[in-house]
Amino acid sequence: MSTQKNSRTIFKGGTVVTMDPQIPSLTTGDVLIERGRIVAVGADLPAGDAETIDASGSIVMPGLVDAHHHMWLGVLRRLMPNVDDLFAYIAVVAETLGTHYRPEDMYLSTKLTALASLDAGITTIIDACHSSRSPEHTDAALDALDGSGIRALHMVGAAMDKKASAAHLPGDLRRLADNWNTGSGLVRVGLFGQLNLEWWRVARGLDMRILTEFIGDLAKLGPEFAEPGVLGPHNIFNHCTRIPQETWKLFGNSGVNVTVNPRSDALFGFDDESFAYQQAIDHGLSPAIGIDLDTAFGSDLFGEMHALFGQQRSAMRYRRFRGESAVPAPISVEAVLRAATVNGARAAGLESEIGTLSPGKQADIIMVRTDDIAVFPATNAIGTIVHAVERSNVDTVMVAGEIRKRGGKLVGVDVAKLHARVNASLAHLLEVSGYRPDRFGTSVPEASA
């Protein structure tokens, strides 16, 4: 069952976590939605003719925002769970398998990732697509996002493999902007532009956001990036590991967006005790978190919240015990949840629309059960979300007033059919590439020459 945008819905009698400092959270309260937007948050709100969702024994909260995810890798889930070499990863996913991706494979990977994300309480995702092999591949990914019901910012970028052509970029951006960025739809388009200022200028002319993967060991900003107007809130920099202090100062002064991937940054050894998340905080920024890779992980932002909490505390306490002075305070569960909601909304350019349960904002809401055996008693609501809740506890997911998951099940999704199509896509990619994963191996099989 799905609510319609002109209908009224009320989450009734739940613990309400608003994440809005101006709207108090409630031990027991209600959230009223009308025509896709939140119209009231409070105790004992009159339901009237609204459809009532019983939220007793549950937490009602903003939908999670996955601020960085390569959704095109969906059919390659857990293909490389132990990889620690970035270039070995690129050799497999880009040079060996990615080069054979058809638009159909792009569609299925993106659709699988989108639906799995909704199932896990992720209502918005920044899709970092470094495999926009052709306009047809881009259209397939956008169709998958649009059909899934998730809110998404699809970042169009050149494919990583040497066989791919990027001749359609950045020229294709205008067509995409005209098709996707002019209405009120849930899916919008930006540029995965790395450090190509020519491409940046095209994107800025179209009022697009610009994504750059930024690992200090592999890249640095030249003086041209410090010119006025080059950097700003339209930029999203991901990873931001081991970059110099002068770059952090430039980021802070420019107000760029920073996203980090706690598990992936650790997987590849990108980060150290200087800790990119904390560097962003120290320079006045509001870092968001993303999942990054299906090839090792999957669509689970709860796992990233667990990792962020543990990694920040470990890194800061190591610095303290090493004898440093003025070490930042241990992270709080509230800060972790803010990274997964409010900060992610800001990175996507949607802070005025989503990220908090505030009247007037879009109704991107999830309800998580606290009466499950691994969760109760919920003595601290935010601590319960960050440390105890999992995908299986996500009962209801609403995006812009539309219910996408209800009673623990995705709405209107034929999982068996999708499963069969995804398996066929993977089988095709393995057959044409000649790559053979080791089902029980602990190392990464080498890509074929």
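In this chain, residues are counted from 1 in sequence order.
Across all non-hydrogen atoms, the minimal contact from I150 to V187 is O-CG2, 4.2 Å. Contact detail for A88 and M80: the closest heavy-atom pair is O-CE, 3.8 Å. Residues Q278 and P328 come closest through the heavy atom pair NE2-CB, 3.3 Å. Scanning all heavy atoms of the two residues, the minimum distance from L357 to I23 falls at O-CG2, 4.1 Å. In terms of heavy atoms, V17 sits closest to A381 at CG2-CB, 4.0 Å. Closest heavy-atom contact between A116 and R77: CB-NH2, 3.2 Å.
Between the side chains of D105 and S425, at least one donor N or O lies within less than 3.5 Å of an accepting N or O. With hydrogens and angles left out, the side-chain atoms of N238 and N261 include a donor and acceptor closer than 3.5 Å. Judged by distance alone, the side chains of D294 and H70 never bring a donor and an acceptor atom under 3.5 Å apart. Side chain to side chain, S264 and D292 meet the donor-acceptor criterion of an N or O pair below 3.5 Å. Judged purely by distance below 3.5 Å, without hydrogens or angles, the side chains of Q245 and H283 pair a donor atom with an acceptor atom. Between the side chains of H68 and E213, at least one donor N or O sits under 3.5 Å from an acceptor N or O.
For the atom pair S25 OG and M19 CE, the distance stands at 8.0 Å (nearest 0.5 Å). To the nearest 0.5 Å, atom CG of residue L64 and atom CD1 of residue I125 are 11.0 Å apart. F275 CZ to D282 CG: the interatomic distance, rounded to the nearest 0.5 Å, is 11.0 Å. In this structure, D364 CG and I354 CD1 are separated by 5.5 Å, a value rounded to the nearest 0.5 Å. Interatomic distance, NZ of K111 versus CG of D146, reported as 10.0 Å (0.5 Å rounding). We find the CG-CD1 distance between N343 and I281 to be 7.0 Å, quoted to the nearest 0.5 Å.
Salt bridge absent: E95 and K163 never bring a charged side-chain N and a carboxylate O closer than 4.0 Å. No salt bridge links K361 with E353; every basic N to acidic carboxylate O contact stays at or beyond 4.0 Å. A salt bridge does not link R175 to D178: none of the charged nitrogens lies less than 4.0 Å from a carboxylate oxygen. Ion pairing between E334 and R338 holds under the 4.0 Å rule for side-chain N and carboxylate O. Look at D161 and R133 and you find a salt bridge, because one of the NZ, NE, NH1 or NH2 atoms lies within 4.0 Å of a carboxylate O, short of that distance. Electrostatic pairing of D300 and R391 does not count as a salt bridge here, judged by no charged N lying under 4.0 Å from a carboxylate O.
Between H130 and F192, the angle of the ring planes stays under 30°, which puts this pair in the parallel group of the 30/60° scheme.
With hydrogens and angles disregarded, a donor-acceptor distance shorter than 3.5 Å links the side chain of N253 to the backbone of K249. Checking side-chain atoms of T341 against main-chain N and O of L337 turns up a donor-acceptor pair under 3.5 Å. Formation of a donor-acceptor pair under 3.5 Å by the T356 side chain with backbone atoms of D20 is not found in this model.
The residue from I126, V258, I210 that alone fulfils the side chain to side chain contact (heavy atoms under 4.5 Å, CB included) condition with I236 is I126. Between R209 and the options R188, R204, M155, a side chain to side chain contact (heavy atoms under 4.5 Å, CB included) holds for only M155. Put simply, the residue from T212, N235, T247, V230 that forms a side chain to side chain contact (heavy atoms under 4.5 Å, CB included) with F225 is V230.
The 12-atom threshold is exceeded at CZ of R313, counting heavy atoms of other residues, nucleotides or ligands nearer than 6.0 Å. By the 6.0 Å contact criterion, CD on E431 is open, its count of non-hydrogen atoms from other residues, nucleotides or ligands being 12 or less.
By the 4.5 Å heavy-atom criterion applied to side chains, Y435 and L79 are counted as neighbours. Using a 4.5 Å heavy-atom cutoff, the side chains of I366 and T396 are not in contact. Counting only heavy atoms from C-beta outward, the side chains of I59 and I385 approach each other to under 4.5 Å. Counting only heavy atoms from C-beta outward, the side chains of S274 and T241 never approach each other to under 4.5 Å. No side-chain heavy atom of Y101 sits less than 4.5 Å from a side-chain heavy atom of V93. The closest side-chain heavy-atom distance from L218 to L86 is below 4.5 Å. Put simply, the side chain of R242 reaches to within 4.5 Å of the side chain of D272, judged on heavy atoms. Put simply, the side chain of L211 does not reach to within 4.5 Å of the side chain of L191, judged on heavy atoms.
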Given salt bridge (Lys or Arg N to Asp or Glu O under 4.0 Å), test D119 with K405 step by step and report yes or no.
-> CA-CA 7 Å; D119 183 65; K405 184 179 183 180; 3.0 Å; yes

Intermediate values then yes/no, ring-ring contact (aromatic ring centres under 6.0 Å, His included), H239 and F268 = CA-CA 11 Å; H239 296 301; F268 287 108; 8.0 Å; no

Check the pair W180, H154 against ring-ring contact (aromatic ring centres under 6.0 Å, His included), reporting the backbone distance first and the verdict last.
-> CA-CA 10 Å; W180 295 94; H154 179 76; 8.9 Å; no

Would you please test H234 and D207 for side chain to side chain contact (heavy atoms under 4.5 Å, CB included) and show each step?
-> CA-CA 8 Å; H234 53 275; D207 195 26; over 6 Å; no

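Checked against the 6.0 Å centroid threshold, H137 and Y107 do not count as a close aromatic pair.
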